[in-house]
*Asks:* 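One structure, pasted below without further comment.
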Amino acid sequence: PIDPDFAHNRDVVDEHEGHDVWGPVEEPETLGIHGTHVAVDFDICLADGACLEDCPVDVFEWVETPGHPESERKADPANESSCIDCMLCVDVCPVDAIDVNPA
Ligand code: SF4
Ligand code: F3S
Ligand code: ZN
């Protein structure tokens, strides 16, 4: 599962679509964690899609990640500022790739 303490254990190494990327990142095999309020561990996500289907405010968008060993697309928290902290995505992700940190 995603490290709930990622903000202490990792550093921001990049920015993507307005949100932080927490390293390490070594493309294409290692992609890090995208987002902070809504954080998705891209190295755990296997493109199940439940988070995209169930989020009531459409926080997630697919991003293509060719060459990643788990899956070639990931749920990107593109609209993390819209999150209403319902925790549905955390509950439905089969591999616990998502951590939501209410402000
Ligand atoms: Fe969407 Fe709820 Fe997850 Fe926030 S906690 S990203 S509103 S499903
Ligand atoms: Fe990925 Fe979990 Fe969503 S596997 S697509 S973060 S439900
Ligand atoms: Zn991203």
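FYI, the numbering just counts along the sequence from 1. We count ligands from 1, going down the list as the structure has it; atoms in each ligand are counted the same way.
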*Asks:* Just by distance, do the side chain of Lys74 and the backbone of Val63 share a donor-acceptor pair under 3.5 Å?
*Replies:* no
*Asks:* Please list, in number order, the atoms of ligand 1 under 4.0 Å from a heavy atom of Phe60.
*Replies:* 6 (S)
*Asks:* Is a donor on one side and an acceptor on the other found under 3.5 Å between the side chain of Glu72 and the backbone of Gly67?
*Replies:* yes
*Asks:* Give me the ring orientation class for Trp22 and Phe6: parallel if the planes are under 30° apart, tilted from 30 to 60°, perpendicular past 60°.
*Replies:* perpendicular
*Asks:* Answer with side chain, backbone, both or neither: which part of Trp62 has a heavy atom less than 4.0 angstrom from an atom of ligand 2?
*Replies:* side chain
*Asks:* Which atoms of ligand 2 have any heavy atom of Ile98 under 4.0 Å away?
*Replies:* 6 (S)
*Asks:* Atoms of ligand 2 less than 4.0 Å from Leu46 heavy atoms?
*Replies:* 4 (S)
*Asks:* Glu15 side chain to Asp20 main-chain N or O, any donor-acceptor pair under 3.5 Å?
*Replies:* no
*Asks:* Using only heavy-atom distances, determine whether the side chains of His34 and Asp41 contain a donor-acceptor pair under 3.5 Å.
*Replies:* no
*Asks:* Which atoms of ligand 2 sit under 4.0 Å from any heavy atom of Val95?
*Replies:* 4 (S)
*Asks:* At a threshold of 2.8 Å, where the distance has to be below it, does atom 1 (Fe) of ligand 1 have an N, O or S atom of Cys55 nearby?
*Replies:* yes
*Asks:* Can a donor-acceptor pair be found between the side chains of Asp3 and His8 at a distance below 3.5 Å?
*Replies:* no
*Asks:* Would you confirm whether Thr65, through its side chain, and Arg73, through its main-chain N or O, come within 3.5 Å as a donor-acceptor pair?
*Replies:* yes
*Asks:* How far is atom 5 (S) of ligand 1 from its nearest protein heavy atom, and which residue and atom name does that atom have?
*Replies:* Met87 N, 3.1 Å
*Asks:* Which of the numbered atoms in ligand 2 are below 4.0 angstrom from a heavy atom of Cys45?
*Replies:* 1 (Fe), 4 (S), 5 (S), 6 (S)
*Asks:* Counting each atom of ligand 2 from 1 as listed, which ones have a heavy atom of Cys93 under 4.0 Å away?
*Replies:* 2 (Fe), 4 (S), 6 (S), 7 (S)
*Asks:* So if you build clusters from Ile, Leu, Val, Met, Phe, Trp, Tyr with side-chain heavy-atom gaps below 4.5 Å, do Leu52 and Val57 land together?
*Replies:* yes
*Asks:* Which of the numbered atoms in ligand 2 are under 4.0 angstrom from any heavy atom belonging to Gly49?
*Replies:* 5 (S)
*Asks:* Counting heavy atoms only, which part of Ile44 comes closer than 4.0 Å to ligand 2: side chain, backbone, both or neither?
*Replies:* neither
*Asks:* Check whether any side-chain N or O of Asn101 sits under 3.5 Å from a backbone N or O of Thr36 as a donor-acceptor pair, and report yes or no.
*Replies:* yes
*Asks:* What atoms of ligand 2 come within less than 4.0 Å of a heavy atom belonging to Ala75?
*Replies:* 3 (Fe), 5 (S)
*Asks:* For ligand 1, indicate whether the residue Val57 contacts it via side chain, backbone, both or neither (heavy-atom separation under 4.0 Å).
*Replies:* side chain
*Asks:* When you compare the side chain of Glu70 with that of Cys45, does any pair of heavy atoms fall below 4.5 Å?
*Replies:* no
*Asks:* Is atom 3 (Fe) of ligand 2 under 2.8 Å from any N, O or S atom of Cys51?
*Replies:* yes
*Asks:* For ligand 2, is any non-hydrogen atom under 4.0 Å from Val92's backbone (N, CA, C, O), its side chain (CB onward), both, or neither?
*Replies:* neither
*Asks:* Can you tell me if, anywhere in Cys89, an N/O/S atom lies at a distance from atom 3 (Fe) of ligand 1 that is smaller than 2.8 Å?
*Replies:* yes
